[in-house]
Enquirer: 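I am attaching a structure below and will ask some questions about it afterwards.
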Amino acid sequence: MRAAFCLCALVGTSTAFHSPAALSKRPHHSPSTSCLTTSFGKQTRNSNTALSLIELDRNLPEKSIAEGIFGTRLGSNQGTMTSVEQFFQAWNRQDIVVAVNQFAPDCIYEDGTYYSPLKGKRAIQRELLLRCDATAEPVLYIVDDLAIPPAKDKVGVKYHMERNGVILPNSRHCAFYTINTLTGLSESCFDVVEPAQKTGEANLAVLNAASKIIGKGGKGDDDDDDDSSILPDETSTGETVDGNWWSTLLNGSYTPSNKGSSSLSLAEQYFDAWSKRDMDTAVNLFTEDCCYEDTVFPKPFSGKQNLKEHLLLCSHAFPPTFKFIVDDVADGGDTIAAKWHVENDGKEMPFTRGVSIYKTKGNLIQEGFDEIESAVFKVGAFDLFVTSMKTKLKEEPARWIPIISWVAYMYIVFLSNGILPGANALQLEQRTWEEVRDLSLNFFLVSPILNLPFSPTVHPILEGVFNLLLSWAALFAGFFSDERDDKPNLLPIVPTVVGMQFLTSAFLLPYLATRATEKKNVQVFKEDLSTPARIVDSPFALGPLLGFVGTGSIAWGALARQADFGGWSERVTSFWQLMSIDRVGSSFLVDLAIFALFQGWLVDDDMRRRGICVDKGEEAILRNVAKFVPFFGMAFYMIRRPTVPPRNEK
């Protein structure tokens, strides 16, 4: 039952990784026990995904999304498809453009396996594209049930995932959408997936024990033979229930009052009875041949008698202060969806929100299906990352190079003893922190050139190496166009470049390993770029400035502070003596080597974005200079590369 289902939240069991819905309508009897991978495969991704949201909105105005492109709903005479159905179909067609435009601009999409909701169309587009990029093999999202009330202001969906016609384990979902009836667009969605681990029975035992301890439910140590505290003392007729209430209920002689109301849907009547622990009324809302699946349990409960036994077990374990509160209902007649949460003494409990789907027959429930959000440890983002990396490494084994380099770098620079000179980072040596402070004060040599009073005296070659390294790191800002609305990366590039100013290769290498590869036939326009990307796209923005700073840093190391450090030969000798004991300075040399090895990894994709056919050898000299001439080749490339054209340019 949804009651036991929420036990996952109460005892901290997390569920499987979730992905939103997509539509390919199948008969209701399609069984599903599937597992969450990510969304569809990138091998056949529609080229429309390259469009920005600006173009999305221009090509598909939001005025009549409800009237849709596809006419009437498959197998339905209820008129045009809802935006939810269009979203599902578009996602299965791998058309991100149409899929995203089924949502209102300020929509809220909540994935039960994520801690934070997606807010707005841009966030949804980013998530869909990341999931698209995360798997090579296409995945279909098969709708099992739809609950659509006549007003079409809400939609409940039950669906599962398939790959090559095979249902993926633990991939069944329930989702609840709210629709703006004027625009037909989805304003909110709450989506939950079944857990991979079916721990319902163990959770019941834990919760029952906890209830005894806190004294809010279950049987205490001194009343093992007294079960009457779980139920009301009297029946609806005023008759006292005997102590053996379990047997009485199972035999059907206990008949509590029917609290149901004709104004309530069957789902609401069921929840109301559950919260009152009126289990007989709850069970009587089901047909004799009912089937109820609480997805934290390994098997469905078939038949009214099995359902009653399950309800009583749950009721016995739950504190009486726990109540199920229905937040919203989509009553489609033969299919009803309910969105709900659990409260304790009137206060909402964390991680207890869920969605249930009910199939009705006549005026009774024939099938029930419960799902609840992941509790405590929400692993959706982590699973997306892992799945995406598995796919990327399989398709491009070269990504292992920055991964292995990063692991070696982090160990050698920060943790090792004896490989590099000086104390490791864990020893928090005061001399190390003073050196970092002094170099930071002389950032880009501004303080010593202006002879500011707070400028410390540092070895000029070390200053030159430090500022050359930061100039080189800043040059990677020229690749800001590697991140766009239509090409998100697992690790965004702007925070990566900012982080490189502090920890250099510790940020660069993970980005190179995890970024999405540019499509070979990509067409990018200036309107597709973010504001920072447009700024650095100018040939006068980065190349000349940072090339000058880098050149000046080398000159500073060779010529500055002669009174303190002597001529070239003397300062080189003293620099290597410093490097023999200095962990910070020696790590800078490691960073310079890593930058030289990896500076060309983003060049080919950047040239493709600018209309240069790299595979046919166009601009081969510029490409080789950018990839293989350390620092200066990269600065020269930023000056000489063509700019990204505007969309209206012929």
Enquirer: Under a 4.0 Å N-O cut-off, is there an ion pair linking R353 with E110?
Expert: yes
Enquirer: Can you spot which of T295, I372, T113 makes a side chain to side chain contact (heavy atoms under 4.5 Å, CB included) with P195?
Expert: T295
Enquirer: N489 and K487: side-chain donor and acceptor closer than 3.5 Å?
Expert: yes
Enquirer: Is T387 reaching over with its side chain to a backbone N or O of D383, donor-acceptor style, under 3.5 angstrom?
Expert: yes
Enquirer: Going through the checks in order, is the side chain to side chain contact (heavy atoms under 4.5 Å, CB included) test met by D191 and Y159?
Expert: CA-CA 11 Å; D191 193 306; Y159 66 97; 2.8 Å; yes
Enquirer: Stepwise, does the side chain to side chain donor-acceptor pair (under 3.5 Å) test hold for D334 with Y358?
Expert: CA-CA 8 Å; D334 60 348; Y358 302 98; over 6 Å; no
Enquirer: Can you tell me how far the OH atom of Y109 sits from the OG atom of S186, to the nearest 0.5 Å?
Expert: 9.5 Å
Enquirer: Is there any salt bridge (charged side-chain N to carboxylate O under 4.0 Å, His left out) pair reaching into residues 298-307, and which pairs are they, with sequence neighbours excluded?
Expert: E288-K304
Enquirer: Which label fits F301 and F297: parallel for a plane angle under 30°, tilted from 30 to 60°, or perpendicular past 60°?
Expert: perpendicular
Enquirer: Step by step, work out the ring pair (Phe, Tyr, Trp, His ring centres under 6.0 Å) result for W274 and F318.
Expert: CA-CA 11 Å; W274 221 115; F318 265 52; 5.7 Å; yes
Enquirer: Show the numbers, then the answer: is there a side chain to side chain donor-acceptor pair (under 3.5 Å) between T335 and K359?
Expert: CA-CA 5 Å; T335 305; K359 296 291 291 183; 2.9 Å; yes
Enquirer: To the nearest 0.5 angstrom, please state how far the CG atom of L312 sits from the CZ atom of R277.
Expert: 11.5 Å
Enquirer: Any donor and acceptor pair, going by atom type alone, linking the side chain of N284 with main-chain N or O of D280 inside 3.5 Å?
Expert: yes
Enquirer: Backbone N or O of V376 within a donor-acceptor pair of the Y115 side chain at under 3.5 Å?
Expert: yes
Enquirer: Between the side chain of T360 and the main-chain N/O of G333, is any donor-acceptor distance below 3.5 Å?
Expert: yes
Enquirer: Can you name the salt bridge (Lys or Arg N to Asp or Glu O under 4.0 Å) partners of K154, sequence neighbours left out?
Expert: D328
Enquirer: Measuring from K119:NZ to C107:SG, what's the distance to the nearest 0.5 Å?
Expert: 11.5 Å
Enquirer: Are K158 and E371 within salt-bridge range, i.e. N to O under 4.0 Å?
Expert: no
Enquirer: Would you check if there is a donor-acceptor pair between the side chains of E268 and S265 at a distance under 3.5 Å?
Expert: yes
Enquirer: Looking at D95 and R93, is any side-chain nitrogen of the basic one under 4.0 Å from a carboxylate oxygen of the acidic one?
Expert: yes
Enquirer: Nearest 0.5 Å, please: how far is CZ in F88 from CE in M81?
Expert: 11.5 Å
Enquirer: Check whether the side chains of T82 and K152 place a donor and an acceptor atom closer than 3.5 Å, and report yes or no.
Expert: no
Enquirer: Does the side chain of N344 pick up a donor-acceptor pair with the side chain of T321 at under 3.5 Å?
Expert: yes
Enquirer: Out of curiosity, D278 CG to L311 CG, how far, rounded to the nearest 0.5 Å?
Expert: 11.0 Å
Enquirer: Could you walk me through whether F351 and K378 pass side chain to side chain contact (heavy atoms under 4.5 Å, CB included), step by step?
Expert: CA-CA 10 Å; F351 312 122; K378 294 180 177 288; 3.6 Å; yes
Enquirer: Step by step, would you call D370 with Y292 a side chain to side chain contact (heavy atoms under 4.5 Å, CB included)?
Expert: CA-CA 8 Å; D370 289 333; Y292 206 112; 3.0 Å; yes
Enquirer: To the nearest 0.5 Å, what is the distance between CG (L264) and CZ (F271)?
Expert: 12.5 Å
Enquirer: Taking atom types as modelled and ignoring hydrogens, do the side chains of K121 and N101 form a donor-acceptor contact shorter than 3.5 angstrom?
Expert: yes
